[in-house]
Amino acid sequence: MPDSSGKRLALFRESLGFSQQQLATALGTSRGRVGMIETDKAPPSRAFLEKLSNRYSVSSEWLLFGEGEMIRARGVSFLGRSAEVEPP
């Protein structure tokens, strides 16, 4: 398991067979931003994490902390909460 969020992002991107530019285009960000995250020079923003999670179901817990599975379970939201549970 890669030891940083940047390395985990690179692992995920490579699993898609994408270049940094292809991932950036798919997420509506710049290649430079993806590169900065992958080299751990900048943390992924909340907006970046949301886009990645919504488009590819990447678990934010996995990306940020290396916990759990790369791909979040169906029905689980961006923040790791069950989408079927109604708030109190």
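All of these numbers come straight from a predicted model, not from anything done at the bench. The figures here come from the full heavy-atom set of this structure, side chains too, leaving out hydrogens, waters and symmetry mates.
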Ring pair (Phe, Tyr, Trp, His ring centres under 6.0 Å) contacts touching residues 18-42 (sequence neighbours left out) | none
Tell me the salt bridge (charged side-chain N to carboxylate O under 4.0 Å, His left out) pairs involving residues 18-29, sequence neighbours left out?
-> none
Residue pairs, two or more places apart or on separate chains, that pass salt bridge (charged side-chain N to carboxylate O under 4.0 Å, His left out) and touch residues 13-28 | Arg13-Glu38
What residues form a side chain to side chain donor-acceptor pair (under 3.5 Å) with Ser15, not counting sequence neighbours?
-> none
When rounded to the nearest 0.5 Å, the distance separating NZ of Lys51 from CG of Asn54 is 10.5 Å
For residues 25-54, the ring pair (Phe, Tyr, Trp, His ring centres under 6.0 Å) pairs (sequence neighbours left out) are none
Acceptor/donor pairs from residues 22-29 side chains to any protein atom, 3.5 angstrom cut, sequence neighbours excluded:
{"unit_1": "Gln22", "atom_1": "OE1", "unit_2": "Ser19", "atom_2": "N", "d": "2.7"}
{"unit_1": "Gln22", "atom_1": "OE1", "unit_2": "Ser19", "atom_2": "OG", "d": "3.4"}
{"unit_1": "Thr25", "atom_1": "OG1", "unit_2": "Gln21", "atom_2": "O", "d": "3.0"}
{"unit_1": "Thr25", "atom_1": "OG1", "unit_2": "Gln21", "atom_2": "NE2", "d": "3.1"}

All ring pair (Phe, Tyr, Trp, His ring centres under 6.0 Å) counterparts of Tyr56, not counting sequence neighbours = Phe12
Below 4.5 Å, heavy atoms only, C-beta onward: do Ile71 and Ser59 meet side chain to side chain?
-> no
Residue pairs meeting salt bridge (charged side-chain N to carboxylate O under 4.0 Å, His left out), one or both in residues 24-34, sequence neighbours left out, come to none
Point-to-point distance, once rounded to the nearest 0.5 Å, from CZ of Phe65 to OG of Ser60 | 8.0 Å
Side chain to side chain donor-acceptor pair (under 3.5 Å) against Arg55, all qualifying residues, sequence neighbours excluded | none
